Amino acid sequence: MGKFLEWLGLGGRSQSPPPIRNDTTVTTLSAAGYPAGGLQASDERTAMKLSAVSRCVEVLSDSIGKMPVYVMDRQTRQRADHSLNGLLAVRPNEAQTPTVFKKMLEGNRNCGGNGYAWILRDPASLRPRELLPVPHGLVTPWLDEDGRLWYTVIHPFTGQPATVHRSDMIHVMAYSYNGWKGVSVLQRASEAVGTGRAAQQYSLSYYQNGGQPAGVLQTDTDLSGFVDLALPDGTTERVSKKDLIRREWEKRHAGPSNAQRVAVLDYGLKYAPISVSNRDAQFVEQSELSVQDIARFFGVPLYKLQAGHQSYAANEQNAIEYVVSTLHPIVSQYEEELTWKLLTPSEIGRGLEIRMNMMAELRGDFGSRGTWFRTLREIGAFSVNDIRALEDLPDVEGGDERYASLNYVPLSLWRELSVNRNQENP
């Protein structure tokens, strides 16, 4: 992304940034665990190998990524004709689509506790001209002596730090203890994730060892002492007799390709398996509990993880609960942050705001959406054209009229007809 090179010299605000404080730790690329070959964090990489964690992050980031974002006029409840709509709905930066941009932001919010996007502004008008997501590991929020929030950003290529004004950084966070830096779900759910990862490693080890429990090799021969083992490069390795026998046994009998091979034992060796099964260790039950714990931390219903008891009625209610309880608070934070950082105070005063349409989350549920549309139309909240707009369909003639429950008459005549009917039937 070529615009990264503009970061260090870009000044979007008239207020001069303070110098980085002596007590502020500026994390370099190597110290943050980001090798030169790419931006990676070992703890996140390990956790994402767990299917429940990976799926929860995918579900939440996909939900946010697919929601349309636009500037809306609160007075008219219509989409405003604004230059920001190009950034929000067409191309936030030269390398990403809006869906990829929002998905990256939400993924960082879940995995790192904080999602960041640098606002590149036009030097003359200070209008946003590009939104660049920044990996959470490269950003450090901090407070100056006056309690004002600043951000230190590490250049991804040079490792050089830059100080960014709070108004030039979109910042969405997970649960926060101090209000200006979020704590990742992975950190708060570290024990549940660790339990699930341990179960996964146990399963992997189980099958790598031929799908058989571990056993004991017994012999009456004295195996104390060491032997010098010749290596292919001409050197020797000093190993104990026990380690040598264990190594030779695993070479011939461990792993899926060696399963069920006939063992040939010499020197009086006898193999005695230890009979501990997955069922005895309640392996399956523990795996299910780990999935439930992880889903609970992320706020994702089990059916989205292909887990738990599946039924259409229950899944329908869970989908509604997911939108209301999990997505709605997240969406509200995005709307508030984008409105404050991307719009000017005068535009906000005129009633403009940035909104995300959560109807995209319900597009796949035709029954629920149809019932919701019909109910709101029957009480006069929606017109036909309102519904068609939510479905990305053009208006139809006469579709702006709204109807209420008094025999579904136009709202403009509802009071008059209601009074006349009451007078006729005292």
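It should be emphasised that the depicted structure is a prediction, and the values quoted were computed from it without experimental measurement. Values reported hereafter were calculated over all heavy atoms of this structure, with side chains retained and with hydrogens, waters and symmetry mates removed.
- With rounding to the nearest 0.5 angstrom, the CD atom of E353 is 10.0 Å from the CD atom of E336.
- Between I119 and S167, the shortest heavy-atom contact is CD1-O, 3.7 Å.
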Chi angles and distances behind the salt bridge (charged side-chain N to carboxylate O under 4.0 Å, His left out) call for D168, R121: CA-CA 8 Å; D168 290 329; R121 300 182 184 273; 2.6 Å; yes

Evaluate the side-chain contact (heavy atoms from CB on, under 4.5 Å) criterion for residues Y70 and N357: first the C-alpha distance (whole Å), next the side-chain angles of each, then the deciding distance (0.1 Å), finally the verdict. CA-CA 8 Å; Y70 50 86; N357 187 356; 4.0 Å; yes

T344 vs S346, test: side chain to side chain donor-acceptor pair (under 3.5 Å). Steps then yes/no. CA-CA 5 Å; T344 65; S346 61; 3.1 Å; yes

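- Residues Q333 and M173 share a closest heavy-atom pair of OE1-N, 2.6 Å.
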Walk me through whether L327 and L60 qualify under side-chain contact (heavy atoms from CB on, under 4.5 Å). CA-CA 8 Å; L327 288 184; L60 288 168; 4.3 Å; yes

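- At least one donor-acceptor pair under 3.5 Å links the side chain of E130 to the backbone N or O of E94.
- In this structure, CG on L342 lies 4.5 Å from CD1 on I170, to the nearest 0.5 angstrom.
- The structure places OH of Y303 at 8.5 Å from OH of Y322, a figure rounded to the nearest 0.5 Å.
- Salt-bridge annotation for R402 and D386: present, with a side-chain N of the basic residue lying under 4.0 Å from a carboxylate O of the acidic one.
- Summarising the local packing, CG of D228 is surrounded by more than 12 heavy atoms from other residues, nucleotides or ligands at distances under 6.0 Å.
- For N85 (side chain) and L88 (main-chain N/O), no donor-acceptor pair under 3.5 Å exists by modelled atom type.
- Contact detail for S61 and E58: the closest heavy-atom pair is OG-O, 3.2 Å.
- F226 places none of its side-chain heavy atoms less than 4.5 Å from the side chain of V239.
- Looking only at distances, a side-chain donor or acceptor of N114 sits under 3.5 Å from a matching main-chain atom of G182.
- Looking only at side-chain heavy atoms (C-beta outward), V57 and C111 come within less than 4.5 Å of each other.
- Contact annotation: the side chain of H155 approaches that of T158 to within less than 4.5 Å [non-hydrogen atoms, C-beta and beyond].
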Run the side-chain contact (heavy atoms from CB on, under 4.5 Å) test on V53 and L186 for me, step by step, so that the C-alpha distance in whole Å, both residues' side-chain angles and the decisive distance to 0.1 Å come before the verdict. CA-CA 9 Å; V53 173; L186 298 183; 3.7 Å; yes

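- Listed for the S176 side chain is a donor-acceptor partner under 3.5 Å among the backbone atoms of K181.
- From I354, atom CD1 reaches atom OH of Y334 across 13.5 Å, with rounding to the nearest 0.5 Å.
- Among residues two or more places apart in sequence or in another chain, the salt bridge (Lys or Arg N to Asp or Glu O under 4.0 Å) test is passed with R127 by E347.
- The backbone N or O of G113 lies less than 3.5 Å from no partner atom in the side chain of N108, so there is not a single donor-acceptor pair.
- In this structure, the side chain of T152 does not engage the main chain of T163 through any donor-acceptor pair within 3.5 Å.
- Contact annotation: the side chain of V139 never approaches that of V164 to less than 4.5 Å [non-hydrogen atoms, C-beta and beyond].
- The CD1 atom of I294 lies 9.0 Å from the CG atom of L305; values are rounded to the nearest 0.5 Å.
- Scanning all heavy atoms of the two residues, the minimum distance from Q96 to P133 falls at OE1-CG, 3.0 Å.
- A heavy-atom distance below 4.5 Å is not found between the side chains of Q78 and M72.
- Taking 4.5 Å as the limit, some side-chain heavy atom of I64 sits within range of a side-chain heavy atom of M356.
- Taking each heavy atom of M169 and Y116 in turn, the nearest pair found is SD-CB, 3.8 Å.
- Closest non-hydrogen pair, G112 versus S184, comes out as C-CB, 3.4 Å.
- The existence of a salt bridge linking K103 and E106 is excluded, since no basic side-chain nitrogen approaches an acidic carboxylate oxygen closer than 4.0 Å.
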Hey, mind stepping through S383 and N385 against side chain to side chain donor-acceptor pair (under 3.5 Å) and telling me if it holds? CA-CA 5 Å; S383 68; N385 283 342; 5.5 Å; no

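- No donor-acceptor pair under 3.5 Å is formed between the side chain of D146 and the backbone N or O of R148.
- Considering only heavy atoms from C-beta on, T326 stays 4.5 Å or farther from V300 through its side chain.
- Residues P141 and L149 meet the side-chain proximity criterion, which asks for heavy atoms closer than 4.5 Å.
- Atom CG of L131 is separated from atom CZ of R129 by 11.0 Å, given to the nearest 0.5 angstrom.
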Please step through side-chain contact (heavy atoms from CB on, under 4.5 Å) for the pair R388 and V396, ending with a clear verdict. CA-CA 9 Å; R388 292 178 65 84; V396 295; 3.5 Å; yes

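- Without hydrogens or angle criteria, D73 side chain to L352 main chain gives no donor-acceptor distance under 3.5 Å.
- A centroid separation of less than 6.0 Å is found between the aromatic rings of Y151 and H171.
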